[in-house]
2 protein chains.
Amino acid sequence: MESNPEKKPLSDIAYSQIKNMLLEFELHPGSAVTEIMFMQKFGISRTPVRQALQRLEQEGFMRLTPRKGWFVAGVSLRDIQEIFVVREALEGIAARLAAELLTQEVLGELNDYMEKISNQEQTKDVDEFDPGDILHDKIFEAVNNQQMNRVLRLYDDQLRRFHIMACKLPGRALLSYKEHYEILRALTERNGENAEKAMREHIQSSKLSILDAVVNESYGKWFEC
Amino acid sequence: MESNPEKKPLSDIAYSQIKNMLLEFELHPGSAVTEIMFMQKFGISRTPVRQALQRLEQEGFMRLTPRKGWFVAGVSLRDIQEIFVVREALEGIAARLAAELLTQEVLGELNDYMEKISNQEQTKDVDEFDPGDILHDKIFEAVNNQQMNRVLRLYDDQLRRFHIMACKLPGRALLSYKEHYEILRALTERNGENAEKAMREHIQSSKLSILDAVVNESYGKWFEC
DNA sequence: TGCACTCAGATTGTATACAACAAATTGTAC
DNA sequence: GTACAATTTGTTGTATACAATCTGAGTGCA
């Protein structure tokens with residue numbers, strides 16, 4: 001375990017490290033791990049390791065079967081479907097609210113950004129992040145709802161474990177662009193109803209892409225059930 | 001600590017007990033507690049007590065300031081507002097989905113139940129639970145989304161800590177009945193759009209009641225900020 | 001061979017001792 | 001009396017020892 005100048009609790013460090021390992025595919029869903037393993041790897045005792053694992057268990061990343069052991073949790077297709085229902089609901093209402101809350105200035109920025117992306121369309125490579133990320137970010141920033149953000153953040157991490165790259169399917173980038181364009185247009189018109197509708201369609205569309213990726217692109221091996 | 005025939009982990013028992021104390025107002029928001037206190041009260045060691053408290057901390061019921069101590073978390077007005085935005089989104093979409101998923105049989109039951117309530121209207125006392133609870137339950141049962149239920153369950157517990165009785169404000173019972181009637185009508189007509197709309201209005205209405213109760217009925221003392 | 005049983009190893013569950021730190025208290029000088 | 005430093009007390013943070021339980025291999029017996 002590297003330096004610890006700010007005296008953060010060891011359990012927090014262990015938590016971050018293990019979560020990183022999860023997000024980086026260093027720990028594969030379904031595989032078994034032991035507390036002793038992390039204890040030795042990090043050079044700390046079992047107590048903070050256990051704390052970290054228990055926290056991750058509550059967040060759905062690990063599973064513990066009593067007196068047997070720890071396992072890296074997978075995500076079932078059902079989980080994905082359920083998560084996307086929640087995302088659709090929350091991001092939809094966020095868009096509706098943002099239509100009233102976004103400042104004219106930010107809307108300007110977003111439109112400029114969108115236009116710039118549009119011009120690059122032909123030449124740009126698709127390896128960058130989904131250009132719509134910034135739109136989502138600005139929406140959540142405007143809505144400023146911590147409870148909502150907490151839920152969505154968790155799901156983002158869960159999904160990121162499996163397919164950051166779902167947006168890289170053929171044709172997905174362009175489609176995604178169009179969807180974001182629709183959202184931004186509704187926002188610019190301050191039309192909350194349409195913003196919510198467009199956002200929901202966008203979420204549903206990305207759900208389809210991800211499910212596609214899951215079943216076709218052999219991500220299947222990481223999934224439960 | 002009473003009997004433990006099923007060998008449930010002590011930490012689980014501690015968790016349930018402490019959470020009960022929270023929901024029963026035995027532990028007041030803002031007050032300080034110590035691990036030793038629960039350790040002695042339950043006759044167990046610090047380890048499972050700590051686990052329980054850490055779990056409750058993650059769920060937002062307790063707060064820990066490092067090297068200082070544990071405090072019972074309050075809920076700020078902002079928290080309530082935020083929670084209700086999430087509830088509105090989730091329960092709304094649940095209603096929309098339920099319009100397709102509810103069986104004709106359950107819809108029949110609900111309509112019968114609603115009618116029965118309606119006839120009792122004059123004589124019944126309002127001390128029972130919100131009659132709409134069963135409607136919500138049936139909706140969630142039909143939607144059958146564990147992720148969604150997890151989030152809503154948590155918020156229910158959080159809010160229950162403060163005002164089970166918010167629905168008992170003058171006039172609230174009748175209003176609530178009418179709102180539920182609208183929801184059920186839309187569901188019966190299999191009109192998801194209207195069901196979502198009616199549910200949202202219902203949630204907003206109950207939010208207002210609760211905020212009213214909070215600021216007027218001297219619940220204020222338990223709130224932060 | 002097949003089956004039940006025992007026992008050793010591994011892993012989590014719990015208890016407890018000690019370390020690190022914060023706050024309160026006390027003692028002292030002025 | 002007040003200000004300030006030293007000490008004492010109380011609390012959480014971490015380490016570690018032991019208990020409880022599960023797993024699986026090996027053994028004995030039919």
Side-chain angles (χ1 to χ4, degrees), chain A residues 1-19 21-22 26-74, chain B residues 1-19 21-22 26-74:
Chain A
M1 178 118 302
E2 53 269 24
S3 65
N4 182 12
E6 307 149 16
K7 293 290 179 186
K8 269 199 309 185
L10 295 182
S11 54
D12 285 4
I13 301 179
Y15 167 82
S16 307
Q17 298 269 347
I18 298 175
K19 190 159 176 182
M21 293 171 74
L22 288 167
E26 209 170 322
L27 293 175
H28 302 305
S31 63
V33 298
T34 69
E35 296 170 359
I36 294 180
M37 181 183 126
F38 293 114
M39 168 182 146
Q40 293 171 340
K41 184 176 176 76
F42 300 149
I44 61 181
S45 79
R46 270 183 64 208
T47 306
V49 170
R50 275 179 70 77
Q51 273 185 245
L53 289 174
Q54 281 156 1
R55 208 168 137 197
L56 289 165
E57 183 195 17
Q58 247 201 307
E59 292 181 352
F61 291 102
M62 304 291 299
R63 309 199 104 85
L64 171 65
T65 62
R67 309 269 180 192
K68 286 185 59 179
W70 291 96
F71 299 88
V72 181
Chain B
M1 177 118 300
E2 53 268 25
S3 64
N4 181 14
E6 306 149 16
K7 295 290 180 184
K8 272 199 306 185
L10 295 181
S11 53
D12 285 4
I13 301 179
Y15 167 82
S16 307
Q17 298 270 349
I18 298 175
K19 191 159 176 181
M21 293 171 73
L22 288 167
E26 209 169 322
L27 293 175
H28 302 303
S31 62
V33 297
T34 69
E35 296 171 358
I36 294 179
M37 179 183 126
F38 293 114
M39 168 183 146
Q40 293 172 341
K41 184 176 177 74
F42 300 149
I44 61 180
S45 79
R46 269 184 64 208
T47 307
V49 170
R50 276 179 69 77
Q51 272 185 244
L53 289 174
Q54 281 155 2
R55 212 170 134 194
L56 289 164
E57 182 195 18
Q58 247 201 305
E59 293 181 351
F61 292 101
M62 304 290 299
R63 308 200 106 86
L64 171 64
T65 62
R67 308 271 181 191
K68 284 186 62 179
W70 290 97
F71 299 88
V72 180

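Labels below follow one simple rule: chain letters A, B, ... track the order of the sequence lines, proteins then strands, and each chain is numbered from 1. As the structure is a computational prediction, the values presented were derived from the model and not from experiment.
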Does OP1 or OP2 of D:dT12 have a side-chain N or O of B:R50 closer than 4.0 Å?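 So the side-chain polar atoms of B:R50 never come under 4.0 Å of the phosphate oxygens OP1 or OP2 of D:dT12.
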Exercise. Does the side chain of B:W70 get closer than 4.0 angstrom to OP1 or OP2 of D:dT12 through an N or O atom?
Worked result: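 Yes, B:W70 has a side-chain N/O under 4.0 Å of OP1/OP2 on D:dT12.
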Separation of [X] atom [atom1] from [N] atom [atom2], in whole Å?
X	N	atom1	atom2	answer
B:M62	D:dT11	CE	P	14 Å
B:R67	C:dC18	CZ	C1'	12 Å
A:L10	C:dA19	CG	P	16 Å
A:M39	C:dT11	CE	P	12 Å
A:F71	C:dT11	CZ	P	11 Å
A:R63	C:dT11	CZ	P	21 Å
A:I36	C:dG9	CD1	C1'	11 Å
A:D12	D:dT12	CG	P	16 Å

[X] side chain, from C-beta outward: closest of [options]:
X	options	answer
B:R46	D:dA15, D:dG13, D:dC18	D:dG13
A:K68	D:dT14, D:dT23, C:dT11	D:dT23
B:S45	C:dT14, D:dA15, C:dG13	C:dT14

Enter the distance from [X]:[atom1] to [Y]:[atom2] here, rounded to the nearest 0.5 Å.
X	Y	atom1	atom2	answer
A:R46	A:T34	CZ	OG1	9.5 Å
A:L27	A:M21	CG	CE	4.0 Å
A:K19	A:R55	NZ	CZ	7.5 Å

**OP:** Applying side-chain contact (heavy atoms from CB on, under 4.5 Å), run through A:E35 and A:W70 and close with a yes or a no.
**Re:** CA-CA 8 Å; A:E35 296 170 359; A:W70 291 96; 3.0 Å; yes
Start with the C-alpha gap between A:F38 and A:I18, add the side-chain angles, then the distance that decides, and say whether side-chain contact (heavy atoms from CB on, under 4.5 Å) holds. CA-CA 8 Å; A:F38 293 114; A:I18 298 175; 3.9 Å; yes
On DNA chain C, check which nucleotide each of A:T47 and B:P66 is closest to and give me the residue with the more 5' one.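 That would be A:T47.
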How would you label the contact of B:V49 with the nucleic acid (heavy atoms, under 4.0 Å): base, sugar-phosphate, or nothing?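 No contact.
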